Novice: 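Can you read through this structure? Questions will come right after.
Keep in mind it's a predicted model, so treat the numbers as computed, not measured.
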Amino acid sequence: IRHLCLVYDGHMFAKARKFLRRLGPGIITGASDDDPSGIATYSIAGAQANYSALWTPLFTFPLMVAIQEMCARIGLVTGRGLAGNMRMHYPRPFLLGLTALVVFANTLNIGANLAGMAAATSLVLPLPQIVLAVAFGGLMLGLMIRFPYRVIANILKWLTFALFAYVLAALLTKQDWPSVLLHTLIPTVNLNREFLILLVAILGTTISPYLFFWQTSEEVEELDETGKLQKTRRVQIVTKNELKVMREDVSIGMFLSNLVMFFIIATAASALYQNGITQIETVKDAAMALRPLAGEFAFLLFALGIVGTGLLSIPVLAGSVAYVVAETFGWREGFNQPFHKARSFYGVIIVSTLLGMAIPFLGIRPIHALYMTAIVYGLMSPILILILLHISNSKHVMGEHTNGFVSNTLGVLTFLIMTGAVGAMFLFR
């Protein structure tokens, strides 16, 4: 029996490795979307709006798939990242301004994520949070500089399993399942400023600009890694099977992202809102509040999940900054490049991570920084979605692989919804 168990475990492990090997940038992009910024925003949503925010994951899922599929297809077809494509087709001052915004927002997000990870770790490991934040930042820098793309990608894929901590935490928390189902299927929208700010934050942290840049550039990294990148061609040779695999990868990644989002909102609603806790000041508060209400195991899962998702998201945040800056200025870039051949690319990663590491020393409350970052992303996303629609519909850029009817419909709908949410946030006071 023991031998059979070992064989079965080995078989399951092999199947898991085979499954992960098939997946690419889409699964990493989707999982990194549920970073400490997302966890903070979704926890606030559950604590403030109860179950009435549960319709948002079902709503954002097809929108995320459409937007990230466009990004992935642009990378596959052009062999260039999003900023690299923008550099060829848009005015330089516009690109520089957009680059500055991405650098600012991502650096703030890195710092807030490090602070959130440190706060969560201090719940189980009694060390000063500043020390933990610096240790996490140093660890991430070492991994990004020392190891090539394939190693980093494999590490990030395995870290996606940390997201299931939130599914388990929700199942270990007492839920009003009929109410969960009702609010999931029937949207509730309140036209007041507080709810609209929350909606913009949810949309911003879910359909995030840094994910657009990361997804596109990682598709290029995958092409380079497999030797399929042809830098002399204006349009890459892409087969129907490659597009099919890419779409499966993106769909699975976005489904995982929205599934975890759903369970975080449900956990916060049942354990916090329904027990009179509607204000969360720190990531530590969100985890600590679960301890007496959801049980010790659910509390530990929630806290450790923050660390796992932070480890996953920081390379994505720092990497997307480096891709944007390097492509804007035409520098050699990519995790496939050794440090001595892409010093500027890795220099951006080092500077953005070090600046992020400095944020916990400034006394900024992580939950507020995370929430404000989500709102900034919500303001930036509509502009980038218009750019994505323009590039992915250009035959000159995309050849025969331009958007179809469904992609354009969902892309325009995403733009209108995010623009409308931002406009309504300023209109209703």
Novice: Going through the checks in order, is the side chain to side chain contact (heavy atoms under 4.5 Å, CB included) test met by Met86 and Ile387?
Specialist: CA-CA 8 Å; Met86 289 170 61; Ile387 292 171; 3.7 Å; yes
Novice: Relative to the ring of Phe329, is the ring of Trp331 parallel (under 30°), tilted (30 to 60°) or perpendicular (over 60°)?
Specialist: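 Trp331 and Phe329: parallel rings.
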Novice: Is a donor on one side and an acceptor on the other found under 3.5 Å between the side chain of Ser313 and the backbone of Gly310?
Specialist: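 Flag set: sc Ser313 to bb Gly310 pair under 3.5 Å.
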Novice: Kindly give the heavy-atom pair with the smallest separation between Leu311 and Pro315, and that separation in Å.
Specialist: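 In this case the closest contact between Leu311 and Pro315 is O-CD, 3.1 Å.
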Novice: Using side-chain heavy atoms (C-beta onward) and a distance below 4.5 Å, is Thr107 in contact with Val351?
Specialist: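 Not in contact.
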Novice: Measure the spacing between NE2 of His183 and CG of Asn50 and express it to the nearest 0.5 Å.
Specialist: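 His183 atom NE2 to Asn50 atom CG measures 6.5 Å (nearest 0.5 Å).
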Novice: To check you understand the geometry: which heavy-atom pair defines the closest contact between Ala31 and Leu312, and what is its length?
Specialist: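 That closest heavy-atom pairing would be CB-CD2, 3.3 Å.
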Novice: Does the side chain of Val180 reach to within under 4.5 Å of the side chain of Phe262, using non-hydrogen atoms?
Specialist: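 Answer yes - side chains close enough.
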Novice: Do you know which two heavy atoms are closest between Asp34 and Ser257, and how far apart they sit?
Specialist: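 Answer, listing the atom of Asp34 first, then Ser257: OD2-O, 2.9 Å.
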Novice: Got a second to check how far Glu219's CD is from Ile74's CD1, nearest 0.5 Å?
Specialist: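 CD1 of Ile74 is found 11.0 Å from CD of Glu219.
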Novice: For Ser392 and Asn403, test the side chains for any donor-to-acceptor distance below 3.5 angstrom and give the result as yes or no.
Specialist: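 Distance-only check passes for Ser392 and Asn403.
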Novice: Measuring only between side-chain heavy atoms, which start at C-beta, is Phe136 closer than 4.5 Å to Ile314?
Specialist: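 The answer is no; the side chains never approach within 4.5 Å.
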Novice: Examine distances only and state if a side-chain atom of Asp249 and a backbone atom of Gly26 form a donor-acceptor pair shorter than 3.5 Å.
Specialist: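 Judged by distance alone, yes, a pair lies under 3.5 Å.
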Novice: Output, in order, the C-alpha distance, side-chain angles, deciding distance and verdict of ring-ring contact (aromatic ring centres under 6.0 Å, His included) for Phe345 and Tyr323.
Specialist: CA-CA 7 Å; Phe345 174 79; Tyr323 284 127; 5.3 Å; yes
Novice: Do Thr206 and Tyr42 meet the criterion of a side-chain donor-acceptor pair at a distance under 3.5 Å?
Specialist: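 Yes - a donor-acceptor pair under 3.5 Å links their side chains.
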Novice: Tell me the closest heavy-atom pair linking Gly411 and Ile67, and the distance in Å.
Specialist: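 Shortest heavy-atom contact: CA-CD1, 4.2 Å.
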Novice: Could I get the full list of side chain to side chain donor-acceptor pair (under 3.5 Å) partners for Ser352, not counting sequence neighbours?
Specialist: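 Applying side chain to side chain donor-acceptor pair (under 3.5 Å) to Ser352 gives none.
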Novice: Partners of Thr328 by side chain to side chain donor-acceptor pair (under 3.5 Å), sequence neighbours excluded?
Specialist: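 Thr328 satisfies side chain to side chain donor-acceptor pair (under 3.5 Å) with Thr99 once adjacent residues are dropped.
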Novice: Taking Asn106 for the side chain and Ala318 for the main chain, is one N or O donor matched with an acceptor at less than 3.5 Å?
Specialist: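 Answer holds: no.
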Novice: Is the shortest heavy-atom distance from the side chain of Ile202 to the side chain of Met261 under 4.5 Å?
Specialist: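 With C-beta onward as the side chain, the pair touches.
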Novice: Does atom OH (Tyr273) have a neighbourhood of more than 12 heavy atoms from anything else shown, all under 6.0 Å?
Specialist: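 Count not over threshold, so no.
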Novice: So do the side chains of Phe61 and Leu259 get within less than 4.5 Å of each other, counting heavy atoms only?
Specialist: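 SC-SC contact between Phe61 and Leu259 ruled out.
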Novice: Return the CZ to CG distance between Phe263 and Asn258, rounded to the nearest 0.5 Å.
Specialist: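 Atom-to-atom, Phe263:CZ and Asn258:CG are 12.0 Å apart.
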Novice: Look at the side chain of Tyr51 and the backbone N and O of Leu181, then say whether any donor-acceptor pair between them is shorter than 3.5 Å.
Specialist: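 Not at all, since once roles are kept as given, no pair shorter than 3.5 Å links the two residues.
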Novice: Could you check whether the rings of Phe339 and Tyr346 sit parallel, tilted or perpendicular, using 30° and 60° as the cut-offs?
Specialist: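 Rings of Phe339 and Tyr346: tilted, 30 to 60°.
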Novice: Taking the side chain as everything from C-beta on, heavy atoms only, tell me whether Thr188 gets closer than 4.5 Å to Phe195.
Specialist: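 Not in contact.
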Novice: Between the main-chain N or O of Ala119 and the side-chain N or O of Ser122, is there a donor-acceptor pair closer than 3.5 Å?
Specialist: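 Pair found, side chain donor or acceptor close to backbone of Ala119.
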Novice: Assess the residue pair Leu54 and Leu182 against the criterion (side chain to side chain contact (heavy atoms under 4.5 Å, CB included)); give the C-alpha distance rounded to whole Å, side-chain angles, the decisive distance to 0.1 Å, and a yes or no.
Specialist: CA-CA 9 Å; Leu54 281 176; Leu182 178 68; over 6 Å; no
Novice: With no hydrogens and no angle check, is any side-chain donor or acceptor of Thr205 less than 3.5 Å from a backbone partner on Ala201?
Specialist: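 Pair absent, no side-chain N/O of Thr205 close to backbone of Ala201.
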Novice: For Arg343, enumerate each residue passing the side chain to side chain donor-acceptor pair (under 3.5 Å) test, keeping only those at least two apart in sequence or located in another chain.
Specialist: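 Scan of Arg343 (side chain to side chain donor-acceptor pair (under 3.5 Å), adjacent residues dropped) gives none.
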Novice: Does any pair with a residue in residues 70-89 pass salt bridge (charged side-chain N to carboxylate O under 4.0 Å, His left out), and if so which ones, sequence neighbours excluded?
Specialist: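 Checked against salt bridge (charged side-chain N to carboxylate O under 4.0 Å, His left out) - neighbours excluded - the pairs reaching residues 70-89 are Glu69-Arg73.
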Novice: Quick check: does any side chain N or O of Thr216 sit under 3.5 Å from a backbone N or O of Cys71, one acting as donor and the other as acceptor?
Specialist: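 Indeed, once roles are kept as given, a pair shorter than 3.5 Å links the two residues.
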Novice: Hey, are the side chains of Glu242 and Met246 touching, using non-hydrogen atoms and a 4.5 Å cut-off?
Specialist: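 In short, these two side chains do not touch, never coming nearer than 4.5 Å.
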Novice: Measure the spacing between OG1 of Thr414 and CG of Leu386 and express it to the nearest 0.5 Å.
Specialist: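 Rounded to the nearest 0.5 Å, the OG1-CG separation comes out at 11.0 Å.
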Novice: Rounded to the nearest 0.5 Å, how far apart are CG of Asn109 and CG of Leu114?
Specialist: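 The CG atom of Leu114 is 10.0 Å from CG of Asn109, to the nearest 0.5 Å.
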Novice: Taking all non-hydrogen atoms of both residues into account, name the closest pair between Pro382 and Thr419 and its distance.
Specialist: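 Nearest heavy atoms, Pro382 then Thr419: CB-OG1, 3.5 Å.
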Novice: For His89, which residues count as a side chain to side chain donor-acceptor pair (under 3.5 Å) partner, sequence neighbours excluded?
Specialist: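 With sequence neighbours excluded, His89 shows a side chain to side chain donor-acceptor pair (under 3.5 Å) to no residue whatsoever.
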Novice: Using the rule given for side chain to side chain contact (heavy atoms under 4.5 Å, CB included), can you reason through Phe213 versus Leu384, listing the C-alpha separation, both sets of side-chain angles and the distance that settles it, and then say yes or no?
Specialist: CA-CA 10 Å; Phe213 292 100; Leu384 283 168; 3.9 Å; yes
Novice: Heavy atoms only: give me the nearest Val220-Gly75 pair and the separation to one decimal.
Specialist: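 Scanning both residues completely, I find the closest heavy atoms to be CG2-O, 3.7 Å.
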Novice: I'd like to check Tyr90 versus His390 (side-chain heavy atoms, cut-off strictly below 4.5 Å). Are they in contact?
Specialist: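 Yes - at least one pair of side-chain heavy atoms lies under 4.5 Å apart.
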Novice: Check salt bridge (Lys or Arg N to Asp or Glu O under 4.0 Å) between Arg332 and all other residues, then give those that pass, not counting sequence neighbours.
Specialist: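 Partners of Arg332 by the salt bridge (Lys or Arg N to Asp or Glu O under 4.0 Å) criterion come out as none, since no residue qualifies.
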Novice: One pair to check against side chain to side chain contact (heavy atoms under 4.5 Å, CB included): Thr29 and Gln68. What are the steps and the verdict?
Specialist: CA-CA 9 Å; Thr29 301; Gln68 294 304 138; 3.7 Å; yes
Novice: Can a donor-acceptor pair be found, under 3.5 Å and without considering hydrogens, that links the side chain of Ser381 to the backbone of Ile207?
Specialist: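 Yes, because the side chain of Ser381 sits within donor-acceptor range (under 3.5 Å) of the backbone of Ile207.
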Novice: Is a side-chain donor or acceptor of Gln337 paired with a backbone partner of Gly334 at a separation under 3.5 angstrom?
Specialist: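 Side chain of Gln337 to backbone of Gly334, a donor-acceptor pair under 3.5 Å: no, none is there.
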Novice: To the nearest 0.5 Å, how far apart are CG in Leu127 and CG in Leu125?
Specialist: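 So the gap between those two atoms works out to 4.0 Å.
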Novice: Look only at the side chain of Asn393 and the backbone of Leu389, and say whether a donor-acceptor pair between them is shorter than 3.5 Å.
Specialist: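 Confirmed, Asn393 side chain pairs with Leu389 backbone.
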Novice: Go through Glu327 and Ser217 one step at a time and tell me if the side chain to side chain donor-acceptor pair (under 3.5 Å) criterion holds.
Specialist: CA-CA 10 Å; Glu327 289 167 11; Ser217 293; 2.9 Å; yes
